[in-house]
Amino acid sequence: MNIPIDRQLDILTARSVDLVSRAELRRKLETAAAAKRPLRVKYGADPSAPDIHLGHVVGLNKLREFQDLGHTVVFIIGDFTGMIGDPSGRSETRKPMSREQIAANAKTYQDQVFKVLDRARTEVRFNSEWCAALAFPDVLRLTAQVTVAQMLARDDFQKRFKDNQPISVVEFLYPIIQGYDSVQVDADIEVGGTDQLFNLLVGRDLQKAFGKEQQVVLTLPLLEGLDGVRKMSKSLGNYVGIAESPREMFGKIMSIPDAMMARYFALVLGRPDDEIKALEQALASGKRHPRQVKDELAQAIVARFHSPAAALAASAEFERVFSEHKQPDEIPTIVIPMAQRKNGKLGVMALLVAAGLAESNGAARRLIQQGAVKIGEAKITDIATELAIPEGCVIQAGKRAFARIVSA
RNA sequence: GGUGGGGUACCGAAGUGGCCAACCGGGGCAGACUGUAAAUCUGUUGGCUAACGCCUUCGAUGGUUCGAAUCCAUCCCCCACCA
């Protein structure tokens with residue numbers, strides 16, 4: 001590796017929010033280079049939600065940058081954490097997951113993660129490997145390392161405490177478990193979102209307590225989801241999964257607020273600062289149209305996780321369906337046997353429900369009354385309409401829902 | 001263990017005997033417009049019904065009442081504070 005250390009530092013710290021500390025990172029890079037030993041870069045994942053989305057990609061990109069400079073990623077799957085059930089959702093304690101479930105999720109995770117990471121430079125570990133072996137006295141020794149004041153200093157705990165929101169003791173254990181993972185895998189660096197800062201720092205404390213070299217802590221911005229406000233997460237439903245179909249992926253990206261485009265370019269695609277600045281200027285001056293820029297963004301993201309060809313196709317399809325209001329080229333087929341029809345005919349409401357385009361007759365009625373329903377090219381406005389459905393005709397409910405009806 | 005505060009539709013949150021299928025906000029869905037599943041505006045958002053209306057829902061179960069989300073009893077669950 002002959003890239004100068006300063007250049008490496010610039011690459012590795014780009015887009016970061018917190019860095020503890022630059023001097024330490026430099027020193028580690030230097031000693032690693034001298035000893036021809038890759039650094040161990042730790043990243044933790046919770047197996048409760050196996051689908052990787054663009055929010056995760058922000059961190060994975062950073063890990064990939066480390067790998068491209070020759071370092072090793074230690075990807076930790078928090079299966080131990082999964083087994084005791086994640087309490088971080090404030091209202092309800094999640095049900096602990098079964099072994100099979102965790103194994104299945106872990107597999108999905110790995111399949112997806114290597115769309116970004118370099119498999120050859122990744123070490124996958126499960127934290128049950130060492131956590132399950134801990135005896136209670138070990139746990140006591142660990143917990144003694146962190147004080148309640150330290151815990152309460154953490155942003156979200158403090159807020160919840162002030163608001164009289166419950167905080168379970170298990171939640172206090174989380175940072176400790178995570179920190180202990182760092183001890184076990186001899187992490188040189190740990191990467192996480194800004195919300196992880198506290199947990200990452202606990203890792204440093206515990207490593208010190210165990211007489212190990214402390215890890216460098218590097219945090220990255222949290223990517224906002226499709227609403228452009230709250231962080232992207234599966235539970236909020238504002239995410240784009242990297243395993244989603246090109247069409248879904250493209251459409252979802254097109255629905256982000258315009259103001260988020262630059263951020264997605266930077267965090268998901270890792271585009272350099274000067275390019276982002278130029279883009280923002282072009283947008284502000286009206287030199288480039290937001291619609292085109294967003295199309296480019298959506299295409300770039302689809303191309304990254306599928307292929308350039310798929311991106312092009314998704315873009316064309318989107319244009320056709322939403323700008324020109326034509327039918328998509330792939331429409332799911334629904335079978336409605338002749339037996340269900342009266343004299344070969346069927347009421348529109350029954351049809352909508354049978355085709356899965358409406359949840360109930362009431363919903364179907366509303367759709368029709370609001371002018372959302374089309375059979376072929378004809379808009380249906382009367383809820384009492386009876387139809388002799390021609391074989392293969394297309395029914396549309398709203399902008400996005402289509403179904404092709406056949407009788408057998 | 002004691003005291004106090006709570007459990008309302010997808011979420012948050014009003015409602016304390018009839019005007020409550022339940023204000024309002026968010027989210028969802030739809031329409032208009034458009035530059036896109038952006039923004040904005042409008043409508044809609046338990047089930048059955050063409051409609052009148054009927055049925056189920058306000059932690060659970062019983063009860064009072066012509067009538068309950070609202071009152072009473074028992075139970076279950078959550079939170080905070082003091083120990």
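Note that the structure is predicted; figures quoted are calculated from it, not measured.
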Please tabulate, one pair per line, each protein N/O and nucleotide N/O from nucleotides 23-28 of chain B that are separated by under 3.5 Å, including the distance.
none

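- Base pairing of B/C29: its partner is B/G43, meeting the Watson-Crick or G-U wobble criterion (both donor-acceptor distances under 3.5 Å).
- Scanning both residues, A/Val240 and A/Met249, for their nearest heavy atoms gives CG1-CG, 3.6 Å.
- For the C1' atoms, the distance from B/C58 to B/U42 is 30 Å, rounded to whole Å.
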- Step by step, work out the side-chain contact (heavy atoms from CB on, under 4.5 Å) result for A/Val293 and A/Phe265. CA-CA 10 Å; A/Val293 173; A/Phe265 268 114; 3.8 Å; yes

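- With a cut-off of 3.5 Å on both pairing distances, the Watson-Crick or G-U wobble partner of B/G1 is B/C82.
- In this structure, B/U36 makes no Watson-Crick or G-U wobble pair, since no nucleotide meets both defining distances under 3.5 angstrom.
- Across B/A38, B/C29, B/A37, the shortest atom-to-atom separation from the side chain of A/Lys252 is found for B/A37.
- Here the side chains of A/Leu201 and A/Gln196 are not in contact, with every heavy-atom distance at 4.5 Å or above.
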Return the polar atom pairs (N/O with N/O) between nucleotides 41-50 of chain B and the protein under 3.5 Å, or none.
from: B/G43; atom 1: N2; to: A/Gln370; atom 2: OE1; distance (Å): 2.8
from: B/G43; atom 1: N3; to: A/Gln370; atom 2: OE1; distance (Å): 3.3
from: B/G47; atom 1: OP1; to: A/Ser360; atom 2: OG; distance (Å): 2.6
from: B/G47; atom 1: OP2; to: A/Arg366; atom 2: NH2; distance (Å): 3.0
from: B/C48; atom 1: OP1; to: A/Asn361; atom 2: N; distance (Å): 3.0
from: B/C48; atom 1: OP2; to: A/Gly362; atom 2: N; distance (Å): 3.0
from: B/U49; atom 1: OP1; to: A/Asn361; atom 2: ND2; distance (Å): 3.3
from: B/U49; atom 1: OP2; to: A/Asn361; atom 2: ND2; distance (Å): 2.4
from: B/U49; atom 1: O4; to: A/Arg365; atom 2: NH1; distance (Å): 3.2

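- Spacing between atom CG of A/Asp295 and atom C1' of B/A37 amounts to 14 Å, rounded to whole angstrom units.
- Taken residue by residue, residues 254-265 of chain A places heavy atoms nearer than 4.0 Å to RNA chain B at A/Met254, A/Ser255, A/Ile256, A/Pro257, A/Asp258.
- Listed by chain and number, the residues in a salt bridge (Lys or Arg N to Asp or Glu O under 4.0 Å) with A/Asp68 are A/Arg64 (sequence neighbours excluded).
- Taking atom CD of residue A/Glu296 and atom P of nucleotide B/U36, one finds them 17 Å apart after rounding to whole Å.
- Pairing of B/C52, defined by two Watson-Crick or G-U wobble distances under 3.5 Å, is not identified with any nucleotide.
- Atom-to-atom, CD of A/Gln396 to P of B/A30 comes out at 10 Å; the value is rounded to the nearest Å.
- Remark: P of B/A37 and CD of A/Glu317 are 14 Å apart, rounded to the nearest angstrom.
- Checking A/Ala397 against A/Gln369, the closest nucleotide of RNA chain B that is more toward the 5' end is the one next to A/Ala397.
- With rounding to whole Å, A/Leu297 atom CG is found 15 Å from B/A38 atom P.
- The pairing partner recorded for B/C66 is B/G18, the criterion being a Watson-Crick or G-U wobble arrangement whose two distances lie under 3.5 angstrom.
- With sequence neighbours left out, A/Arg22 forms a salt bridge (Lys or Arg N to Asp or Glu O under 4.0 Å) with A/Asp10.
- Nearer the 5' end of RNA chain B, as judged by each residue's closest nucleotide, is the contact made by A/Leu367, out of A/His289 and A/Leu367.
- The pair A/Asp6-A/Arg26 counts as a salt bridge, with a side-chain nitrogen and a carboxylate oxygen less than 4.0 angstrom apart.
- Contact check on A/Arg291 versus A/Glu319 returns a salt bridge, with a Lys/Arg side-chain nitrogen under 4.0 Å from an Asp/Glu carboxylate oxygen.
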- Passes side-chain contact (heavy atoms from CB on, under 4.5 Å), A/Tyr239 versus A/Ile52? Steps please. CA-CA 9 Å; A/Tyr239 72 102; A/Ile52 305 244; over 6 Å; no

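- Annotation: side-chain contact (heavy atoms from CB on, under 4.5 Å) contacts of A/Val229 (sequence neighbours excluded): A/Asp227.
- In the set B/G35, B/G31, B/C29, B/G31 carries the atom at the smallest distance from any side-chain atom of A/Lys399.
- Each of A/Asn127, A/Val202, A/Leu200 was checked for a side-chain contact (heavy atoms from CB on, under 4.5 Å) with A/Gln178, and the lone residue meeting it is A/Leu200.
- A salt bridge is absent between A/Arg15 and A/Asp273: the closest approach of a Lys/Arg side-chain nitrogen to an acidic carboxylate oxygen does not fall below 4.0 angstrom.
- Between A/Glu24 and A/Lys28 no salt bridge is recorded (no basic side-chain N to carboxylate O distance below 4.0 Å).
- As a whole-Å value, the separation of A/Arg400 CZ from B/G31 P is 12 Å.
- Rounded to an integer number of Å, the gap from A/His325 NE2 to B/G35 C1' is 11 Å.
- Between the P atom of B/A38 and the CG atom of A/Asn238 lies a distance of 15 Å, rounded to the nearest Å.
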